[in-house]
Visitor: 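Take this structure first; my questions come after.
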Protein chains: 2
Amino acid sequence: MEILIAEDEKQIAGTLKKRFLEIGFHPMAVPNGEAALAAVEKIVFDVIILDWRMPKLSGLEVCKILREREIKAPIILLTALSDISNKVEALNAGADDYITKPFSFDELLARVNAVVRRFHSTTTELGFNNCTLNLVDHTLVKPNEIIKLSQKEYDLLKFFLKNKNSIVSKDQICQQAWGTKCSPLSNIVEVTIKNLRRKLESKTHKSYIRTIYGEGYIFFADEVLKH
Amino acid sequence: MEILIAEDEKQIAGTLKKRFLEIGFHPMAVPNGEAALAAVEKIVFDVIILDWRMPKLSGLEVCKILREREIKAPIILLTALSDISNKVEALNAGADDYITKPFSFDELLARVNAVVRRFHSTTTELGFNNCTLNLVDHTLVKPNEIIKLSQKEYDLLKFFLKNKNSIVSKDQICQQAWGTKCSPLSNIVEVTIKNLRRKLESKTHKSYIRTIYGEGYIFFADEVLKH
DNA sequence: TACAATTATGAAATTTTTTTCATCATATTT
DNA sequence: AAATATGATGAAAAAAATTTCATAATTGTA
């Protein structure tokens, strides 16, 4: 789980990072709003935690900018004030939750989990590297073009993205994308992989799908880096 | 906008209903949790507001039950206590927001709008009557069967659902579902409507799409009733 | 009721997607 | 390096989706 923490108070940032690390999350801490915006350009986060009061760019402003840029990841705002109008302002800026300092780590964790669970149950796109699979349109959104995927190509890519960076066997692929056992008489999987590879490839990024001889395939996607 | 308000304090319920009515929403007030569950069985709400403290079934319990039943509509819990652990409990139960009494109507409205806006930007299905259009699978989910829609049938139905109960011209349909002006030389729209009608029809419900001679079509869907 | 305009429909034609097949390329083992 | 197994690929075949077309049915109007 990739978490961005934008917080200028070093002690809070440090504690949060440490606690998230302990439970196996991947936190990244930045000290201001500009750094948060820069980080989001490069990395796909599962949740973004923004301190409201930061020098220059406030957490609220960062939140608004992220939503304008169509960043969909859930955002939680931290604030010293428990003013109710702040809460409304935060929601209107596109935040998903709001938490007042001081707070316990367990409370923050509960909110992070709630917000992420909800997000994953309703998300409409899956990102990888500098591309996105649009689950509603069934299109592959590359940096400079939008490519229509056929049904099978879509099913296959979706399966790869759910299992990125780990080996999947041909049997597993058949089961998920074709709903049947893999027939040794047919090579539909190979053919569809060939076609998907062609649609995925670009000048900068040639090989998303690596063949593991005798085992299956791995879809390589930097979980983290967007560019 | 269909809003369910489950609140046993009659005065609060009455005021909320009145205020929502004034701004053109369609509120329905019920006095307890059981009635709320029953209402959700029959009606598709855009947002559900639950009082935490209600006789027998609490708002929190109703919330959990609704999520178990895969009701996706956003839920806001009302409570007299501003205890932070309650907020965590609410989120863990699948609620989207939490508001402590006393609150102003404007604050509630802001939260309703925030929660609905977010929901609509990430929703993965559109409901109508006793059916659902699954936007990810491109399937039509009827009470007893799941029907695969072709791309064009899907585009057409999606357009109808976005414009239900109002006349849409053939030109509008072409523009949205085919991305081109309607050619007088082609009757693709009529043909696709014919095919969609066939897939939509059931023993109980024959005519979703009514033709308005010389004007276009209306897709009739009870905005409200599920059964 | 007759007529013109509009919509509905079955079936053919076209296009696209999916699958099969033959052949080539590559990896592993000996 | 040779033999064998596995995967890749272009092209053909089959199936499915989309569009066209001819004709039938329906609606509104004279």
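We name chains A, B, ... by the order of the sequence lines, and we start the count at 1 in each one. Values reported hereafter were calculated over all heavy atoms of this structure, with side chains retained and with hydrogens, waters and symmetry mates removed. Everything quoted here is computed from the prediction, not taken from an experiment.
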Visitor: Side-chain N or O of Thr192(B) versus OP1/OP2 of dT19(D): is the shortest distance under 4.0 Å?
Guide: no
Visitor: Under 4.0 Å between any heavy atoms, over every strand shown, what does Tyr217(A) touch: base, sugar-phosphate, or nothing? Just pick one.
Guide: sugar-phosphate
Visitor: Write down the distance between CD1 (Ile188(A)) and C1' (dA22(C)), rounded to a whole number of angstrom.
Guide: 17 Å
Visitor: Kindly indicate whether the side chain of Asn195(B) and the base of dT9(C) share any N or O donor-acceptor pair separated by less than 3.5 Å?
Guide: no
Visitor: Between Lys199(A) (NZ) and dT18(C) (P), how many Å, whole number?
Guide: 9 Å
Visitor: Could you give the CD1-to-P distance, from Ile193(A) to dA8(D), as a whole number of Å?
Guide: 7 Å
Visitor: Hey, does the side chain of Lys170(A) come within less than 4.0 Å of dT6(D)'s phosphate (OP1/OP2), counting only N and O?
Guide: no
Visitor: Look at the rings of Phe105(A) and Phe20(A) and say which category their plane angle falls in: under 30° parallel, 30 to 60° tilted, over 60° perpendicular.
Guide: perpendicular
Visitor: Using a cut-off of 4.0 Å on non-hydrogen atoms, how would the nucleic acid contact of Lys194(B) be classed: base, sugar-phosphate, or nothing?
Guide: base
Visitor: State whether Thr211(B) places a side-chain N or O below 4.0 Å from either non-bridging phosphate oxygen (OP1 or OP2) of dA8(C).
Guide: yes
Visitor: Report the distance from atom CD1 of Ile212(A) to atom P of dT28(C), rounded to the nearest whole Å.
Guide: 9 Å
Visitor: So for the helix from dT1(C)-dA30(D) to dT30(C)-dA1(D), with five pairs setting each end axis, what is the inter-axis angle to 10°?
Guide: 30°
Visitor: Below the 4.0 Å mark, does dT18(C) have OP1 or OP2 next to a side-chain nitrogen or oxygen of Ser150(A)?
Guide: yes
Visitor: Ignoring backbone atoms, test whether Arg198(B) places a side-chain nitrogen or oxygen under 4.0 Å from the OP1 or OP2 oxygen of dG10(C).
Guide: yes
Visitor: Nearest-Å distance, CG (Asn187(B)) to P (dT9(C))?
Guide: 12 Å
Visitor: Rounding to a whole Å, what distance do you find between Lys148(A):NZ and dT18(D):C1'?
Guide: 10 Å
Visitor: Please confirm whether the shortest side-chain N or O distance from Trp178(B) to OP1 or OP2 of dT19(D) is below 4.0 Å.
Guide: yes
Visitor: Can you check whether Ile209(A)'s main-chain N or O pairs, donor with acceptor, with Arg197(A)'s side chain at less than 3.5 Å?
Guide: yes
Visitor: Taking Tyr208(B) as the fixed residue, which of Phe160(B), Phe220(B), Phe128(B) is the one that meets the ring-ring contact (aromatic ring centres under 6.0 Å, His included) rule?
Guide: Phe128(B)
Visitor: How far does CD of Glu215(B) sit from NZ of Lys170(B), to the nearest 0.5 angstrom?
Guide: 12.0 Å
Visitor: dT20(C), OP1 or OP2 - any side-chain N/O from Ser186(A) closer than 4.0 Å?
Guide: yes
Visitor: Considering heavy-atom distances to DNA chain C, does Gln151(A) or Leu185(A) have its closest nucleotide positioned more toward the 5' end?
Guide: Gln151(A)
Visitor: Could you report the tightest heavy-atom contact between Lys148(A) and Thr139(A), atom names first, then the distance?
Guide: CA-CG2, 4.3 Å
Visitor: Round to a whole Å and report the spacing from CZ of Arg210(A) to C1' of dT6(D).
Guide: 17 Å
Visitor: Could you check whether atom CD of Glu145(B) has more than 12 heavy atoms from other residues, nucleotides or ligands sitting under 6.0 Å from it?
Guide: yes
Visitor: Take atom CG of Asp171(A) and atom P of dT6(D), then tell me their distance rounded to the nearest Å.
Guide: 13 Å
Visitor: Of Glu190(A) and Tyr213(A), whose closest DNA chain D nucleotide lies nearer the 5' terminus?
Guide: Tyr213(A)
Visitor: State whether Arg19(A) and Glu22(A) are salt-bridged, where the test is any N-O pair (Lys NZ or Arg NE/NH1/NH2 against Asp/Glu carboxylate O) under 4.0 Å.
Guide: yes
Visitor: Kindly indicate, with the supporting measurements, whether the criterion side-chain hydrogen bond (donor to acceptor under 3.5 Å, both in side chains) is fulfilled by Gln151(A) and Asp155(A).
Guide: CA-CA 6 Å; Gln151(A) 185 66 46; Asp155(A) 292 342; 3.2 Å; yes
